[in-house]
Amino acid sequence: MFGTLASGELETARLRRDLGFSCGGIRMEGENMVPQGGDGEGEQVNETVPFQIQQHPFEQTQKLVVGYALTPKKKKSFLQPKLEVLARRKGICFVPIDLNRPLSEQGPFDIVLHKLLGKEWQDVIEDYQKKHQEVTVLDPPGAIQRIHNRQSMLQGLADLNLSDCSGSIFVPKQMVVLKDSASSADRAIEAGLKFPLVAKPLWIDGTAKSHQLFLAYDRRSLAELDPPLVLQEFVNHGGVMFKVFVVGDTIKVVRRFSLPNISNCEKAKVDGVFQFPRVSSAAASVDNADLDPSVAELPPKPFLEALAKELRILLGLRLFNIDMIREHGSKNVFYVIDINYFPGYAKMPDYEQVFVDFFHDMAQAKQKKRHCK
């Protein structure tokens, strides 16, 4: 694991034969290297950097092996050639985990990067984590499970200690509907929720349906929705949402179009259920739009840094994104409306370099720890 990679075609052939994994932008196991597009989670990344081992005689000693267990969709989106090339130059190698073999028989790994659903995988990774405490698992399955449930996802956010920051954070009023959506209107009103209400599936299970959002304008419209659901009070926010990407200590923010404000007049005239447009794609970007600065201005950096730090502690996660909105008419009153684990990072500017630095810092921290023993 810690040997130096030699250059030339013989070494490439040896790696292909002996290891059978993707390293530094070269697809092993007989695959041809082709441009990797988006996976529905973000815009297509077209930049492909063909990598020839012999062109880099200065390659560093391999220091970090990242074993990954990702769906084909997530692998295609995340493991872009540019990421693999930059990682290889820092001595970081990505190795696929074979789900048909015991995880303990594979490796050795320094980091396990995963995003798979299901109780079986959770049991596998938790058992591996207990037996291989020297390996960093990104992230603990129990912590991930919390934000797969929209009821538990936002619990505790309103109690975060952000008093010294230039902003305040809230969570929209919400309630859970486990069954009988028709009678949920009475309970929503009793709980103090006001129409229109955003309706979201309770569970995030990796399917497209679990990300479908609806806006219910009246009591009768709730009967058209299939529980289990989370009903969340709609907050006017000027039609702009902030997606805050977190990778360890690094934060990146992008803006996306969202639903426009809803006036009291519209509330009185409109009824029924309307499906939200998807706002996660690059097509929803507001970067080139002519918007009111009070709406489009990014949240203050100190506020975001403090929020991300508190959330890393609260959630026990290092790879996630926060969907935030600014209450319309306010200076810096924000609402967190969703949190996603290991989101489509291809939408984040310079994600490749951010992850390389993130993994490289981990490698240095491990070396420092070894020297201190």
Looking only at side-chain N and O atoms, does [Y] offer a donor or acceptor that is under 3.5 Å from a partner on [X]?
X: Gln122; Y: Glu126; value: yes
X: Asn340; Y: Asp338; value: no
X: Lys200; Y: Gln232; value: yes
X: Ser258; Y: His237; value: yes
X: Asp357; Y: Gln353; value: yes

Does [atom1] belonging to [X] count more than 12 external heavy atoms closer than 6.0 Å?
X: Glu120; atom1: CD; value: no
X: Lys252; atom1: NZ; value: yes
X: Arg220; atom1: CZ; value: no

query: For the side chain to side chain contact (heavy atoms under 4.5 Å, CB included) test, which of Thr250, Val247, Leu83, Val356 pairs with Tyr351?
result: Leu83
message: I'd like to know if Asp249 and Arg318 make a salt bridge, using a cut-off of under 4.0 Å between side-chain N and carboxylate O.
response: no
message: Looking at Lys63 and Asp110, is any side-chain nitrogen of the basic one under 4.0 Å from a carboxylate oxygen of the acidic one?
response: no
query: Taking only residues two or more places apart in sequence or in another chain, which ones pass side-chain hydrogen bond (donor to acceptor under 3.5 Å, both in side chains) with Asp98?
result: none
Hey, does [Y] have a side-chain heavy atom less than 4.5 Å from the side chain of [X]?
X: Val253; Y: Leu304; answer: yes
X: Phe242; Y: Pro299; answer: yes
X: Val66; Y: Ile92; answer: yes
X: Asn321; Y: Val244; answer: no

task: Assign the ring pair His114 / Trp121 to parallel, tilted or perpendicular, where the plane angle (0 to 90°) is split at 30° and 60°.
output: tilted
- request: Classify the ring geometry between Phe355 and Phe359 as parallel (under 30°), tilted (30 to 60°) or perpendicular (over 60°).
  value: tilted
task: Taking the six-membered ring for Trp and the full ring for Phe, Tyr or His, determine whether the centres of Phe170 and Tyr335 are under 6.0 Å apart.
output: yes
query: Between Phe78 and Phe342, does the ring centre distance come in under 6.0 Å?
result: yes
- line: Closest heavy-atom pair, Val135 versus Phe109, reported as atoms and distance to 0.1 Å, is CG2-O, 3.3 Å
